[in-house]
Amino acid sequence: MISPLPWIVLLLPLISAFIIILATRSLPISSAFVSVAAVLGSFAGSCVLFFQQTNSAPSISWIDLGPIFSVPLSLTLDPLSRSMLIMVTGVGAVIHIYSLGYMQSDDGKSRYFAGLSLFMFAMIGIVLANNFVMMFIFWELVGFSSYLLIGHWFERAAAAEAAKKAFITNRVGDFGFMLGILMVWTATGSLVFADTAAAMAKFTGHPGFLTAAALLVFCGAVGKSAQFPLHVWLPDAMEGPTPVSALIHAATMVAAGVYMLVRVGFLVGASPDALIVIAWIGTITAVLAALVAMQQNDIKRILAYSTLSQLGYMVMAVGLASGEAAMFHLFTHAAFKALLFLGAGSIIFTLHHEQNIWRMGGLWKRLPVTCLTFLVGTLALIGFPGLSGFFSKDAILVLAYEHSAPIFVLAAFTALLTAFYMTRLFVVVFLGNERSEDARHGRESPAVMSIPLLILSIPAALGGFSFFAGRFLILPNEQQVVATVPIIAVVAMLGGVIAAILLYRGKTNEPLDLALFRNRFYIDEFYTFLIDWTQGLLASISAFVDRWILDGAAVRGASGATWGTGFLLRLLQVGNLQAYGFLFGLGIIGLIYFTVFH
Amino acid sequence: MLLFIVFAPLITALFVLLGAPARMTALLGSVATTVVTLIAFFRYDIAQGGFQFVSAWPISEGWRLQFLLGADGLSLVMLFLAALVLLCAVWFTPPVEKSERLFYACLLFIASGAIGAFASLDLFFFYAFHELALIPTFLLIGIWGSGNRFAAAWKVTIYLALGSFVLLLGLILLYRSVPADLRSFDLRQLQAVAASGGISAHAQNQIFFLLLIGFGVLVSLFPFHTWAPEAYASAPAPAAMLHAGVLKKFGLYGLLRIGLPLLPEGARHWSWLLILLLLGNIIYVGLVTLAQKRLDWMLGYSSVMHMGYIFLGIASANLLGTSGAALLMFAHGLSIALLFALAGEIRRRTGTLVLSDLGGLGKIMPFAGFAFGIATFATIGLPGFANFAGEVLIFFGAFKTGADWRGFHIFQIATLLALWGVVISAVYMLRAYRSIFMGESAARWRALPDLSRTLRLPVVLLVTTTLIVGFFPNTALRVLRPTFSRPVAAK
């Protein structure tokens, strides 16, 4: 049935953003409520769409240049987008409500909620986009709202730099993405996903072209989902307010890359070479991030690297040709990672913005609700049997086991590391004794922040069971490869947990010194070096050439030459009558010669 | 109606010079012009297409020269741009100490030159109207400019005059390349002759080369671009707005109006050269922009860089590329005008445009920060703004040209490099924004006033226009389509 409801779901947050910018900028509490109302409205609409199984909506033309080229704004409503819509608006709504508490005394509250609404609009647009250009439009808009929100406290240099870094890194990914879109369009003649999928036969005989196009489109995901080598923006993005980190940099925006890959699965799936590259990039990201997370001391950074690592798992699943497994993990991860970030926010809020885990400790008795829900989130993340993460991670490990031994080994190793660094986090933050004044003053957060934690712990705990997940997703094939894989997974998990407990119980500072991991493999430093010595050097050289050679030599040279010629010619104007007479005579002789003899 | 649009700024300028209250008269004249252009835009009959609102005053039968005005979709879009930017430039003019009347008159003369050129269907007046704008530019930079203003004024005037001279040569050759009995300055007549093959391929190659260089100099095509940054840095903000936003588009308009339709063979012949040069604009000048430490120089170079994209659309010579070029011309005019306007306001308050001296102005001047942020993201092609719509069409149009399975050829490589330019422009614009508006603010800036209430209106006008065309590009595209649907160079 055709229904305008999808458009309402999409546009409510945009209208909210406009209302805040135009009308309620100086009324922060009103802005907050407009924003929350909009997202709740979108969530309600998403639920209706889901249960009514609505599958089409009216379409608008964005660019219409006839049969040669037209870009419609059409909304895709299939089971995948309906489920994703519920997740995005649901988690979004919970985090909006949480923000009411977290940002209550912030000066830029109106600006914050306008940014949040703009983000919801853009993210819903990505979920509902039915063609490449439309998705690209919302893709960039999501990057823009991320810039606004990371840079919310823009007077801080670190936040300003982080926002810039995030946008530019994403732009690099978008460069590849757009190039891939151009290639796909040139080959198939269509931009709409469904039409392009049907036209894949046009690629036969040109595997190189297809692989290049697939990998370039994947570039967009590398940027948006912070895969290696474009992962560097995500940890810095932690400069933004914690609810932003929860919503954008854990549950939704970074997941958009994975969602996009599943949407264009017909493209990447058609190229085995592309799939291999994708799988390995996911694996490398997963391992790299987990190693770095082991040695971080800022609670948000640990969670950020954990996000990178789990995104790596999802991309790995895409590369192992199972969009179902990737989406399963995307959903469970959204729930438990948002939960963990909001829990961290709870701690940061009450500890006066302390983020160093070595200045926390003993918080289990002071923030019991936070501690309990954080425990649920942690257990889900490390794959404790029965919780959501166990099932979704298991699905990916099974895939790896079936397809590629090295990837499976690395994936299992990452699971061990994940258990290790999360247990380290839990032990250091919640157990033991308080290690600072701020910790001693810790109190449980107000209800407006604790209730979202409780709400999110339900899908984090139960989301893996097929009665729940099966309603929303096509679950990956349940064929088990004996019990080998789950057993290995649990053993790896237990190994990590025990090692962390032994190492960190009762400690007051970091016993392990692994500089390579702590310094994030020096990748950021390498990039700075690279950029300074290529782009920076080229820019300086070009500027020099422009100022001194093109402008200096050519332009001023030309004017100098003209001036010089004029000077020389002036010498002819000697003012001497005999000289003029002589030249006159010469001229006459020359004229006679040329007219008579030529 | 076109008569009013063309002569309103001229007559307003005369009134101003004769003693009417300068600012008020100029504002009224600009508002009137803008309103009438908008009316003309909506009254254009898309189904009929072609040149409408035609009015003709014969001047010479022997040469077939007339004062001929007419507009199609492309002209109307450019006319609206010129009128709107004139209005904003006049509005943003700060109190002028010396010869206020002459200042406003110069602005109005520049605008009438551009408007006359966009509305002329006669080659002679097309060229003449543009020349009208050269001297007021010289005066504006030389008298009211800053920095190295005398040198800048001389340089830009002579450089552009030389470019116009090459252009004139090309136009004369064009006139003479048509068989004598069919010769005319009337563009429609020339179009008919060209369509029936009346201009030989050899002649087309020669003429198009001259037009390319001539128009190119006027649009700061690499390597003829070095006049631009210094001119814009030295010019007073309203002059920079008008020049970078409107007058520079004259050359691009000329290529779209005369070059491509009349000389398709020539255009195809020289497309490789155009691509090489436009890549110089995008990549080389893009890099130069990165190295700039002052906002005004950065904006000047950035406007040179973005011309590369429009040239790419022109080079592709197909419906997508040329429509995108026209759209981007419009969009860029709006965004660069806003950027120069705000830069002027910043300089008035702080006395400096050195990026490292400024900082933290976002907290102190929130509206200015908001406006500059919008202009920044429009310039770097964020979807939602008109610039993105234009760029996307250009990329698709250019990439498709000559595309085949065997690999990337010149157009595909050019598109790839142009796409990389999108990253470069993000780097320098965001870096500038961060340096000026974010971070800690120095104590001396703490008391600066934000943009005055009256100045918020032109900002809103510019932003709203670019948002409307960005959200609904079809509003502009439906009017542009008849112009570019006629097979331009059938690729």
Side-chain angles (χ1 to χ4, degrees), chain A residues 21 60-66 68-69 71 133 136-141 143-144 147-148 151 154-157 159-161 163-164 167-168 171-172 174-176 178-179 181-183 185-187 205-206 208-209 535-536 538-547 550-551 554-556 558-559, chain B residues 155 158-159 223 225-227 229-230 284-285 287-292 301 318-320 323 360 362-363 377 380-384 388-389 392-393 395-397 399-400 403 405 407 412 415-416 419-420 422-424 426-427 430-431 433-434 437-441 471-474 477-478 481 485:
Chain A
I21 297 175
I60 307 180
S61 165
W62 187 63
I63 284 187
D64 181 14
L65 284 175
I68 304 179
F69 189 78
V71 178
V133 174
F136 186 84
I137 290 175
F138 287 105
W139 195 260
E140 286 246 317
L141 285 177
F144 172 61
Y147 171 87
L148 289 177
F154 60 82
E155 309 87 49
R156 293 184 37 145
E161 292 297 321
K164 191 175 63 149
F167 191 85
I168 291 173
R171 259 280 154 118
V172 175
D174 295 349
F175 157 77
M178 180 49 94
L179 204 52
I181 294 176
L182 289 171
M183 288 178 78
W185 176 71
T186 316
H206 309 284
F209 196 91
Q535 188 170 266
L538 281 174
S540 305
I541 295 178
S542 308
F544 178 82
V545 166
D546 213 64
R547 205 75 192 254
L550 273 190
D551 200 45
V555 177
R556 293 205 207 120
S559 86
Chain B
K155 182 155 126 190
I158 295 180
Y159 208 140
H225 62 280
T226 51
W227 58 266
E230 191 162 7
Y284 167 79
V285 176
L287 286 171
V288 175
T289 319
L290 274 177
Q292 297 309 309
Y301 273 114
N318 53 36
L319 171 63
L320 290 177
S323 310
K363 204 80 189 164
F377 278 101
I380 67 181
L382 188 72
F388 173 76
V392 119
L393 282 172
F395 290 141
F396 275 92
F399 194 81
K400 176 176 113 154
W405 294 106
Q412 287 74 45
T415 313
L416 190 155
L419 271 173
W420 184 253
V422 162
V423 178
I424 298 181
V427 172
L430 286 182
R431 185 198 297 171
Y433 189 75
R434 183 257 176 282
F437 290 100
M438 294 178 149
E440 283 270 320
S441 54
F471 271 72
F472 308 107
N474 278 334
L477 286 173
R478 24 178 280 276
R481 225 171 123 180
S485 291

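Chain naming here is simple, since letters A, B, ... match the order of the sequence lines and numbering starts at 1 in each.
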Residue part contacting chain A, namely of [X], when any heavy atom lies under 4.5 Å:
X         : value
Gln412(B) : neither
Ser441(B) : neither
Arg431(B) : both
Thr289(B) : neither
Phe471(B) : both

Heavy-atom distance under 4.5 Å between the side chains of [X] and [Y], does that happen here?
X         : Y         : answer
Met178(A) : Val392(B) : yes
Met438(B) : Glu155(A) : no
Tyr147(A) : Phe377(B) : yes
Leu182(A) : Leu416(B) : no

Looking at [options], which makes the most heavy-atom pairs under 4.5 Å with chain B?
options                                    : value
Val71(A), Ile63(A), Thr186(A)              : Ile63(A)
Ile168(A), Val172(A), Leu141(A), Asp174(A) : Ile168(A)
Ile21(A), Val545(A), Leu65(A)              : Leu65(A)

Original post:
Going by distance alone, is a donor N or O of one side chain under 3.5 Å from an acceptor N or O of the other, for Asp546(A) and Thr226(B)?
Top reply: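 Looking only at side-chain atoms, Thr226(B) and Asp546(A) do not form any donor-acceptor pair under 3.5 Å.
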
Original post:
If every non-hydrogen atom of Gln292(B) is compared with every non-hydrogen atom of Ala543(A), which pair is closest and at what distance?
Top reply: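 Distance-wise, the nearest heavy atoms are NE2-CB, 4.3 Å.
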
Heavy-atom contact with chain B under 4.5 Å, split by part of [X]:
X         : value
Ala187(A) : both
Trp62(A)  : both
Phe175(A) : both
Ile68(A)  : side chain

Original post:
Parallel, tilted or perpendicular: which fits the ring planes of Phe69(A) and Phe396(B), with parallel below 30° and perpendicular above 60°?
Top reply: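 Answer is tilted, since the angle falls between 30° and 60°.
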
Original post:
Can the ring centres of Phe167(A) and Tyr433(B) be said to be less than 6.0 Å apart?
Top reply: no

Looking at [options], which has the largest count of heavy-atom pairs under 4.5 Å with chain A?
options                                    : value
Phe472(B), Tyr159(B), Phe388(B)            : Phe388(B)
Ile380(B), Thr415(B), Leu290(B)            : Ile380(B)
Val427(B), Leu477(B), Val423(B), Asn474(B) : Asn474(B)

**OP:** Determine yes or no for a side-chain-to-main-chain donor-acceptor pair under 3.5 angstrom, with Arg171(A) supplying the side chain and Val422(B) the backbone.
**Re:** yes

Original post:
What residues form a ring pair (Phe, Tyr, Trp, His ring centres under 6.0 Å) with Phe154(A), not counting sequence neighbours?
Top reply: none

Subject >> Results of ring pair (Phe, Tyr, Trp, His ring centres under 6.0 Å) for Tyr284(B) - residues two or more places apart only >> reply: Phe222(B)

